[in-house]
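Both ligands and their constituent atoms are indexed starting at 1 by order of listing. By convention here, the first residue in the shown sequence is residue 1. Only a predicted model underlies this, so the values are computations on that prediction, with no experimental measurement involved.
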Amino acid sequence: EVPLAVDGLVKSYRNGFRAVDGVTWRAERGQVVGLLGPNGAGKTTTMRMLVGLVRSDAGTVHVLGRRVAPGAPVLARVGALIEGPGALPHLTGRQNLEAAWAATGRPRDEADLEEVLAIAALGAAADKPVRSYSQGMRQRLGIAQAMLGTPELLLLDEPLNGLDPPQIRALRDVLRDYAAGGRTVVVSSHLLSEVQQTCSHVVVVHRGRVVLDGAVDDLLAGH
Ligand code: ADP
Ligand code: ADP
C-alpha cells in the first residue's frame, strides 16, 4: 500500500490558468519528500488536492490505498498543515491542540499531547493565547497539530516559513525521525537548500509539471 500516489493530476482555475498540469509522483514509507519549485509552480494547489480541499479536473490522489476527493472525509491517518484559517486566537496553544484532538473523535492521549507540544517548543507560551504568538510560534503550533495522533502520512505546506535557523534544524531532525519510524512526510518548499538539507527525496515542479523526481543524494549532490 503506497502511502501517497498522485497520478495525472490536473487543475485549472476559473480564469483558465492551468496551475497543475498532469503530475504523477509517489511518496513511500520512510521518505521525507520535498515538493520543490518556485512560487507559482503549483505546490499549494497540489497540497490542497492531496487533502481534498480542492477538486482536481483530472487525475487521482490515493492516500494509503484510498481515493481522496472533496467531500470524502480526510483519513484520520493523515496529518496536514495547509494554508488556512489557522489556530483559534483566543485559545492557548495547548487548548488549540486539545480542541483539534477532540475534533478527531478519538480518546485524548496526554502523552501524545505533551509530545507534540514539545515539538512546538512554545515553552510557557503554550498556556498563553495564540493571538500573542509570533509567526514562527503559530507555524510550529500548526506543525504540532498536524502531528497529533502520529499520522502515517504528514503533509506540510512550506513548514519552515517563519522559523529561524535553530528552529529549522530542530524541525529537520523531527521530520527525519518521524519518517525513519516507517511513516511518510511530504513538505513543500521554494528553497533548494531547505529540501537538500531536510529531505531524502525530491519532486521538482515548474509551471505545474514535474521536471525532476528522485533521491536527493542522486539529484542534488554537489549543487
Ligand atoms: P505555489 O504554491 O507553488 O506558489 P500555487 O499552487 O499557489 O503555487 O499557484 C500556482 C499558480 O496558480 C500561480 O500562478 C497562482 O497565481 C495561480 N492561482 C492560485 N490560486 C488561484 C486562484 N484561486 N485563481 C486563479 N489562479 C490561482
Ligand atoms: P548531516 O550530517 O549533514 O546533518 P545526514 O548525514 O544526516 O546530514 O544526511 C545526509 C543526507 O542524507 C541528507 O542530505 C539527506 O538527503 C539524506 N537522508 C538520509 N536519510 C534521510 C531521512 N530519513 N530523511 C531525510 N533525509 C535523509
Side-chain angles (χ1 to χ4, degrees), residues 3-27 31-63 67-72 74 78-87 135-136 138-143 145-147 151 153-163 167-168 171-172 175 179 184-216 219-220 223:
L4 176 66
V6 180
D7 287 285
L9 211 54
V10 174
K11 174 68 188 181
S12 296
Y13 284 109
R14 251 177 299 189
N15 60 7
F17 183 79
R18 191 171 275 216
V20 176
D21 194 10
V23 303
T24 297
W25 51 279
R26 301 272 180 281
Q31 293 182 346
V32 179
V33 177
L35 186 61
L36 172 68
N39 286 329
K43 303 182 298 295
T44 295
T45 303
T46 299
M47 290 297 237
R48 293 174 73 86
M49 288 191 281
L50 298 187
V51 294
L53 277 171
V54 161
R55 186 180 299 279
S56 63
D57 302 331
T60 58
V61 175
H62 285 87
V63 168
R67 174 95 184 255
V68 174
V74 176
V78 180
L81 171 72
I82 312 279
E83 198 186 325
Q135 198 210 330
R138 286 170 199 242
Q139 189 76 355
R140 299 202 307 276
L141 180 63
I143 293 163
Q145 185 168 324
M147 294 178 83
L153 176 64
L154 188 59
L155 304 171
L156 305 174
D157 195 12
E158 298 273 2
L160 305 176
N161 275 0
L163 305 190
Q167 291 167 355
I168 289 175
L171 180 63
R172 182 181 297 155
L175 296 182
T184 308
V185 180
V186 176
V187 300
S188 72
S189 173
H190 61 283
L191 293 174
L192 172 65
S193 59
E194 265 179 19
V195 168
Q196 248 173 330
Q197 291 166 16
T198 307
C199 301
S200 62
H201 290 74
V202 63
V203 176
V204 182
V205 288
H206 185 64
R207 296 188 178 180
R209 297 196 172 189
V210 175
V211 295
L212 210 55
D213 179 358
V216 164
L219 295 177
L220 304 179
H223 286 259

Query raised in the report: Does atom CZ of Arg26 have more than 12 heavy-atom neighbours, drawn from other residues, nucleotides or ligands, at distances under 6.0 Å?
Result: yes
Short question: side chain of [X], backbone of [Y] - any donor-acceptor pair under 3.5 Å?
X: Lys43; Y: Leu36; result: no
X: Gln196; Y: Val216; result: no
X: Asp157; Y: Thr44; result: no

Requested in this report: Apply side-chain contact (heavy atoms from CB on, under 4.5 Å) to the pair Thr46 and Val205, showing each step before the final yes or no.
Outcome: CA-CA 10 Å; Thr46 299; Val205 288; over 6 Å; no
Query raised in the report: Contact residues of ligand 1 with a heavy-atom cut-off of under 4.0 Å?
Result: Tyr13, Asn15, Phe17, Ala19, Pro38, Asn39, Gly40, Ala41, Gly42, Lys43, Thr44, Thr45
Report task. Would you sort out whether Val204 and Leu219 count as a side-chain contact (heavy atoms from CB on, under 4.5 Å), showing the intermediate values? Result -> CA-CA 10 Å; Val204 182; Leu219 295 177; 5.9 Å; no
